[in-house]
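Any value given below was found using the heavy atoms of this structure, including those in side chains, with hydrogens, waters and symmetry copies removed. In what follows, chains carry the letters A, B, and so on, assigned in the order in which the sequence lines appear, proteins first and then strands, with residues in each chain numbered from 1.
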Protein chains: 2
Amino acid sequence: MSRCGVSSPDSVIEEAPAATKRRLLDVAERLFADQGFDSVSLRAITAEAGANLAAVNYHFGSKESLIAAVIARQVEPINRRRLELLEGAVDAREIVAAFVDPVLQEAERSGADGGHFLKLMSRCTAARDEKVSALIAVQFREVVRRFVMAIGDACPGLSAEVVHLRLLFTAGAMAQSLFHLDKLAMVSEGRCEAPGLDTLRDEMVTFLAAGLETGTRDGDVK
Amino acid sequence: MSRCGVSSPDSVIEEAPAATKRRLLDVAERLFADQGFDSVSLRAITAEAGANLAAVNYHFGSKESLIAAVIARQVEPINRRRLELLEGAVDAREIVAAFVDPVLQEAERSGADGGHFLKLMSRCTAARDEKVSALIAVQFREVVRRFVMAIGDACPGLSAEVVHLRLLFTAGAMAQSLFHLDKLAMVSEGRCEAPGLDTLRDEMVTFLAAGLETGTRDGDVK
DNA sequence: GTCTATACCACGATAGAC
DNA sequence: GTCTATCGTGGTATAGAC
């Protein structure tokens, strides 16, 4: 069960993580999702993980790097799955689905744990720190490149600039709606219940696919 | 030009702000936009405003309340303008424009200052703190109510749930694209420059209006 | 190497003097 | 209304135990 053969030099996640290191990641992931990156102290993390305060600094170097490691461990498989799904996608609906579904599937998978994955993801989209946000940007470079190409093929007549913008709208709508979904009931004053993830998914794909296609060959122009 | 007649008991902004209080708000607004809420210390704010460290706690009660006051001072006029513009809106494009334009206009107005307004707005959408985010939610209640009604009228056949979701997508796409607009060049590796605000505005309205209309009477169904 | 104990320094908040 | 002093807690750095 040795993972040492992987050898990913640039990755934040080191190979063969020590038991303590892994426990720190698990605890940090849960606490960060629940309370946000800044609200969780290293003392709270290390206490719950049964480790010493200095363990974080030893294994990760800083709280910032711990945050980056937690994010990377979640984002990497999501983005890999996105690229897999994109292979068979030909129209706008399928492209949007390839972008959205891995996130929602992961959300459902971690549903037993209270779905803290969604909270964590949406906290990332608003990364308060320039260093963290730059790290995330690197993680998304390949995904952006491939999805821009796919959208360009499926929606002929759009400039590269417009395609990039529409992908940005797509990512934003997804991230924000996941983040604020639970606030729908509050802000609508009872006129609307927070829908399930499957409803959200279908509505999101319909909405975003329409936006991607508009003004192109087989989309309406309004 | 007395503001004292307004008397808004529930508002965070008190009437007749003292000179120190106003200076604290101005400095905090700029620093928060540049570095984020958590990165800016009260010591930095009070030092730059020429006030004492304890001044923030005296005038606002806490750093949290200072943040809320800064946000409210920006959001209130935006939301008022949104409701004004919504009056004359009949179709999806105009509704989206009524939601988006006040934000972009304010962004251009503060362009001379480095456009820190946009940074501040987008930091709000990710409010790390439950208390702050609840405060923001209250600010948007009336806006949500009116825009949901308008969308329902302009896009017949949509359930209240779907209308709420589509408004959520709209708000998310706007907020996130404004937030990450400057990262487009980095993440696209030079294949795409960050567009101007006018280009962003037009593309946003087109994209979001298409999403709002899809599946309704005069939208396409795909 | 892995981990612990402990000592920093900066932060937000508060009390009390002026 | 404003300032000084101080408290508890935060992230970080280091020395040394295993």
Side-chain angles (χ1 to χ4, degrees), chain A residues 2-4 7 9 12-32 34-71 123 127-133 135, chain B residues 4 12-29 31-32 34-71 123 127-132 135:
Chain A
S2 143
R3 285 201 189 124
C4 299
S7 174
V12 184
I13 302 177
E14 303 287 345
E15 54 236 359
T20 303
K21 190 172 182 177
R22 203 183 181 293
R23 253 182 301 125
L24 287 172
L25 275 175
D26 290 338
V27 172
E29 180 180 305
R30 183 164 41 81
L31 294 184
F32 283 153
D34 278 347
Q35 309 169 232
F37 298 118
D38 300 285
S39 305
V40 178
S41 67
L42 294 185
R43 286 171 171 85
I45 296 171
T46 51
E48 192 152 333
N52 186 268
L53 169 61
V56 167
N57 217 276
Y58 172 73
H59 283 292
F60 300 95
S62 68
K63 182 180 183 181
E64 208 71 52
S65 299
L66 171 64
I67 295 172
V70 169
I71 293 173
R123 288 192 196 278
R128 5 96 322 144
D129 194 277
E130 294 297 328
K131 283 163 281 182
V132 173
S133 99
L135 216 150
Chain B
C4 300
V12 185
I13 301 179
E14 306 285 345
E15 52 234 0
T20 303
K21 191 172 181 178
R22 205 185 179 293
R23 253 183 301 126
L24 287 173
L25 275 174
D26 290 339
V27 171
E29 179 179 307
L31 294 184
F32 283 153
D34 278 347
Q35 308 169 233
F37 297 119
D38 299 285
S39 306
V40 177
S41 68
L42 294 185
R43 287 172 171 83
I45 296 171
T46 51
E48 193 153 332
N52 187 269
L53 169 61
V56 166
N57 217 277
Y58 172 75
H59 283 292
F60 299 94
S62 68
K63 183 181 183 181
E64 208 71 52
S65 299
L66 171 63
I67 294 173
V70 169
I71 292 172
R123 289 192 195 277
R128 4 85 341 133
D129 193 278
E130 294 298 328
K131 284 163 283 181
V132 173
L135 216 149

Atom-to-atom span, [atom1] of [X] to [atom2] of [N] - whole angstrom:
X       : N      : atom1 : atom2 : result
B:Leu24 : C:dG12 : CG    : P     : 13 Å
B:Glu64 : C:dC11 : CD    : C1'   : 14 Å
B:Phe60 : C:dT14 : CZ    : P     : 16 Å
B:Asn57 : C:dG16 : CG    : C1'   : 14 Å
A:Lys21 : C:dG1  : NZ    : C1'   : 12 Å
A:Asp38 : C:dG12 : CG    : C1'   : 14 Å
A:Lys63 : D:dG11 : NZ    : P     : 4 Å

**Asked** Is there a donor-acceptor contact under 3.5 Å from the side chain of B:Lys63 to the main chain of B:Phe37?
**Response** yes
**Prompt:** For the side chain of B:Ser39 and the backbone of B:Gly36, is there at least one donor-acceptor N/O pair under 3.5 Å apart?
**Reply:** no
**Request:** Specify the residues of residues 41-48 of chain B, ordered by number, for which at least one heavy atom lies under 4.0 angstrom from an atom of DNA chain C.
**Result:** B:Ser41, B:Leu42, B:Arg43
Between [X] and [Y], which heavy-atom pair has the shortest distance, and what is it?
X        : Y       : value
B:Leu24  : B:Ala51 : CD2-CB, 4.2 Å
A:Phe60  : A:Ser65 : O-CB, 3.0 Å
B:Ser62  : B:Asn57 : CA-ND2, 4.1 Å
A:Arg123 : A:Asp34 : NH2-O, 3.4 Å

**Message:** Please enumerate all residues that pass side-chain contact (heavy atoms from CB on, under 4.5 Å) together with A:Asn52, with sequence neighbours excluded.
**Reply:** A:Ala54
Below 3.5 Å between N/O atoms, which protein atoms pair up with nucleotides 2-4 of chain D? Just atom names and distances, please.
| unit_1 | atom_1 | unit_2 | atom_2 | d |
| --- | --- | --- | --- | --- |
| D:dT2 | OP1 | B:Thr20 | OG1 | 3.4 |
| D:dT2 | OP2 | B:His59 | NE2 | 3.0 |
| D:dC3 | OP2 | B:Asn52 | N | 3.1 |

**Item:** B:Arg23/B:Glu48 ion pair, N-O < 4.0 Å
**Value:** no
